[in-house]
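Have a look at the structure below, then the notes.
When a ligand or atom number is given, it counts from 1 through the structure's own listing order.
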Amino acid sequence: MTLSRRQILAGAGAAAFWPVFAGPARSQTGATTLTAAPARIQLAPPDYAQTDVWAYNAQVPGPTQRHARGDVLNMRLENRLDQATTIHWHGLRLPNAMDGVPGLTQDPVPPGSTFDYSFALRDAGTFWYHPHANSLEQISRGLAGVLVVEEPEGARPDVDGDEVLVLDDWRMAADAVIRDDFGARHDMSHAGRLGNYITVNARPELRRTVPAGGRLRLRLVNTATARVFDLRFRGLAVWLAALDGMPLEQPLALAELVLAPAQRADLLVDVTAAPGDEALIASRERDGTFALVALDATGPQRAIRPAPAPLPPNDMPVIDTAKARQVPLTLEGGAMRGLPGGGTWKGNRMDMRALAGAGQFWAFNGMVGMPDAPLVAASLGETIRIPIENRTAFSHAMHLHGMHFRELRAGGATGPWRDTLLLRAGETREIAFVADNPGDWMFHCHMPSHQMSGMMNWISVT
Ligand code: C2O
Ligand code: CU
């Protein structure tokens with residue numbers, strides 16, 4: 001028997017042991033050490049065996065860290081894996097030495113060793129942390145957690161609950177064992193390592209009791225390595241309040257939400273389901289739409305609040321496109337299109353066949369993997385715009401470290417601040433950012449199957 005989502009959801013009625021929705025969150029520092037180590041957790045439904053994972057502090061997702069804006073985060077990474085690791089603080093605008101990229105910003109942390117991260121939390125928002133070494137395997141085995149930075153007291157939205165929802169998928173065998181096919185060439189050259197088992201906070205279906213008419217803040221984080229979630233809502237009025245940790249100028253009412261790997265969305269939702277009814281967040285998959293989160297509305301009915309106000313902004317630079325330098329980027333390769341012109345890998349010019357033989361399938365401007373010279377050498381304070389043309393037959397989630405960017409849209413409009421942009425097959429979209437954070441910053445596809453087979457580069461700011 002294979003483990004499929006349909007079978008799991010058929011048995012999902014057993015999820016009723018979930019506690020009442022958590023009240024408004026308070027700042028808490030929590031753990032001061034994250035120990036990366038093997039662990040065993042109940043990941044599959046209760047009638048399956050436990051699953052061997054790699055976890056931070058034996059938890060999947062890793063412990064949610066809640067801090068106030070302006071706090072200094074001090075975190076020791078302790079490596080009890082049998083291979084080197086690091087922690088990358090995804091979406092944080094932090095000093096380069098704290099960015100957690102082995103070989104670029106720090107040495108990999110060998111087994112049995114520690115590394116101390118310490119940096120100020122400049123921005124309030126929803127961020128996450130994960131390894132940046134052997135990322136496909138380490139993230140796929142469970143190493144990922146959420147970092148919430150709270151807005152200042154008095155500037156937080158008025159909500160009845162604040163909950164982190166980590167969306168993930170797993171590639172599991174029928175005995176609830178994570179498949180170890182991390183080097184599968186088909187995944188690398190196609191859509192990445194898609195799972196066959198979807199979870200929210202490592203559960204097949206999350207169920208909560210919520211007040212009818214109440215307002216919740218939901219912090220959605222996609223920690224999957226390839227899956228682009230296409231979410232639908234029932235019994236909820238939904239506003240998008242922030243993307244990738246950065247508030248929107250105005251909350252945006254929406255009925256659907258696409259969340260690519262590594263992206264976050266802060267939603268403010270009003271429970272419009274009547275007492276006794278169920279509100280749902282569902283994922284649209286090829287074979288149907290499946291509930292991921294079920295919210296049981298309970299009475300007494302509360303009065304719906306007026307539409308939400310924007311979250312307080314973070315301190316962002318001004319993008320002046322007139323002063324910007326343009327550096328075009330072309331994404332090429334993968335199944336169907338390939339690399340007809342070959343590419344340069346580790347300083348060697350190679351044809352497509354030789355590259356494929358070396359497990360390399362993708363190129364950025366003809367460069368395969370991390371080149372010696374950065375894609376962009378920016379001077380501090382310079383504004384850079386990068387039109388990205390996706391000539392491949394697949395979607396990619398382009399992530400810039402250390403700085404957020406905005407999308408430049410038709411007619412001179414700018415999109416919201418983001419750190420990860422989804423480009424569908426054939427799309428060209430342009431981003432712009434102010435190179436205001438000195439250091440060497442990775443710029444890569446956040447589908448690690450693609451990253452490890454060519455889709456990574458870097459931007460230097462000096
Ligand atoms: Cu989420 Cu290069 O990282
Ligand atoms: Cu990709």
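For the atom pair CG of Leu259 and CZ of Arg227, the computed distance is 12.5 Å after rounding to the nearest 0.5 Å. The CG atom of Leu236 sits 6.0 Å away from the CG atom of Leu295 when rounded to the nearest 0.5 Å.
The six-membered or imidazole ring of His190 lies away from that of His450, with a centre-to-centre distance of 6.0 Å or more.
Listing protein N, O or S atoms at distances below 2.8 Å from the Cu ion (ligand 2), with waters left out, gives His396 ND1, Cys445 SG, His450 ND1.
Screening residues 413-432 for ring-ring contact (aromatic ring centres under 6.0 Å, His included) gives no qualifying pairs among residues at least two apart or on separate chains.
Between the side chain of Arg264 and the main chain of Ala262, a donor-acceptor pair closer than 3.5 Å is present.
By the neighbour-count criterion of 12 heavy atoms within 6.0 Å, atom CZ of Arg284 is sparsely surrounded, having that number or fewer from other residues, nucleotides or ligands.
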In a table with atom names and distances, give each donor-acceptor pair under 3.5 Å that connects a side chain of residues 363-380 to protein atoms at least two apart or in another chain.
from, atom 1, to, atom 2, distance (Å)
Asn365, OD1, Thr330, N, 2.7
Asn365, ND2, Pro328, O, 3.0
Ser379, OG, Glu382, OE1, 3.4

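For atom 2 (Cu) of ligand 1, the count of nearby protein N/O/S atoms, taking only those under 2.8 Å, is 3.
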Is there a side chain to side chain donor-acceptor pair (under 3.5 Å) between His399 and His444 once you walk through the steps? CA-CA 5 Å; His399 170 49; His444 64 89; 4.9 Å; no
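Here the side chains of Asp181 and Arg171 are in contact, with some heavy-atom distance below 4.5 Å.
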